[in-house]
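One structure is given here, and the rest of the page talks about it.
Keep in mind that the numbers below use all heavy atoms, side chains included, and drop hydrogens, waters and symmetry copies. Lettering follows sequence order; numbering is per chain, from 1. Quick caveat, the model's predicted, so the values are computed rather than measured.
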2 protein chains.
Amino acid sequence: MTRAQRAVLAQLTNDRAFVSAQDIHARLRRSGESVGLTSVYRALQALTDDGQLDARRTDGGEATYRRCGSDQHHHHLVCRQCGAAVEVEAPAVEKWVADLAATHRYVIDAHTLEIIGLCSRCADA
Amino acid sequence: MTRAQRAVLAQLTNDRAFVSAQDIHARLRRSGESVGLTSVYRALQALTDDGQLDARRTDGGEATYRRCGSDQHHHHLVCRQCGAAVEVEAPAVEKWVADLAATHRYVIDAHTLEIIGLCSRCADA
DNA sequence: CCGAGAATGAAAACCATTGTCATCTTGCCG
DNA sequence: CGGCAAGATGACAATGGTTTTCATTCTCGG
Ligand SMILES: [Zn+2]
Ligand SMILES: [Zn+2]
Ligand SMILES: [Zn+2]
Ligand SMILES: [Zn+2]
């Protein structure tokens, strides 16, 4: 694992929310740990490919990343404002998706399920 | 409804798949109907706000739009390659989402559920 | 026919992300 | 110990989708 990867992973372990590459870069800079933006992007790519990070796009299309607790397949309840997330499993949905694959002539290779809202902290403010 | 909106809507009625703004612009140009790219973006925005179009982002983050048959709340089975889509309803999932909202302290205001794969035509090729 | 407000679109600005390339590091081998 | 090849790094430039700007062109009620 490279220096950039260690720095990024540490940052995302410290703050368990969905955060953008630019945010991570800024936070690392602020905390003294100096890593180039390009390296942050590369580290995020590598860690995500490696399954150590989950990625999702915000409504605006910006990619954000999170270090999840579970390495099982799961979905997220995400705060639109601060990126805070709850990991949820949805066996019933997985079943439904599998059945649908059988019904239609599609070769399914992925599915997304996300619940977007405001976490209690952001809703109160 | 403006001229651009009519042109875009006609194009999306003609080809019922998820298509990007740039694609729509190119197709309109090719078919003689000349509309500026800016106007295509504006029309897509307006039509989507108006509920006449469904929007989704491709894996690459590009926004795509589709004229759906149902104006009920529904989800999509989407072909990653050509944008072809099947509209599906998932009452069980809606129920599950509602329950989750009650369980956690999140103010839910949206959810996404998408099944991505290859349509039979693209899988065969 | 007039004028205000909306629509249009070419061009410039934006901005997240990716590519380039010259410079550093790192780990081996002689 | 050098020295060297492979990989990592990061400043900078380029990309590409999307949005802004702004001057021009409709549209339509009065
Ligand atoms: Zn996760
Ligand atoms: Zn929040
Ligand atoms: Zn739809
Ligand atoms: Zn297809």
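For the pair B:Q45 and A:Q5, nearest-nucleotide mapping onto DNA chain D gives the more 5' position to A:Q5.
The side-chain heavy atoms of A:I115 and A:H76, taken from C-beta on, include no pair separated by under 4.5 Å.
Nearest heavy-atom pair, B:Y106 versus A:C119, reported as atom, atom and distance to 0.1 Å: CZ-CB, 3.7 Å.
Closest to the B:A63 side chain, of the nucleotides C:dT17, C:dG9, D:dT18, is D:dT18. Counting only heavy atoms from C-beta on, A:S39 has its side chain closest to D:dG10 among D:dG17, D:dG10, C:dT17.
Note: OH (B:Y41) to C1' (C:dA13) measures 14 Å, nearest angstrom. Straight-line distance from the CE atom of A:M1 to the C1' atom of D:dG7: 16 Å, rounded to whole Å. If you measure from atom CG of B:L44 to atom P of D:dG17, you get 14 Å, rounded to the nearest angstrom. Atom P of nucleotide C:dT18 and atom CD of A:E62 are separated by 12 Å, given to the nearest angstrom.
Contact check, A:R3 against D:dG10: a side-chain N or O comes under 4.0 Å of OP1 or OP2.
Between the A:T112 side chain and the B:L113 main chain, no donor and acceptor come within less than 3.5 Å of each other. B:E87 contributes a side-chain N or O that, together with a main-chain N or O of B:S70, makes up a donor-acceptor pair within less than 3.5 Å.
Between the side chains of B:H75 and B:E94, a donor-acceptor pair is found at a separation under 3.5 Å. Donor-acceptor pairing under 3.5 Å is lacking for the side chains of A:Y65 and A:Q11.
Within residues 7-38 of chain B, the residues that have a heavy atom under 4.0 Å from DNA chain D are, in order of number, B:Q22, B:T38.
Among the protein residues, B:R42 comes within range of the nucleic acid bases, having at least one heavy atom under 4.0 Å from a base atom.
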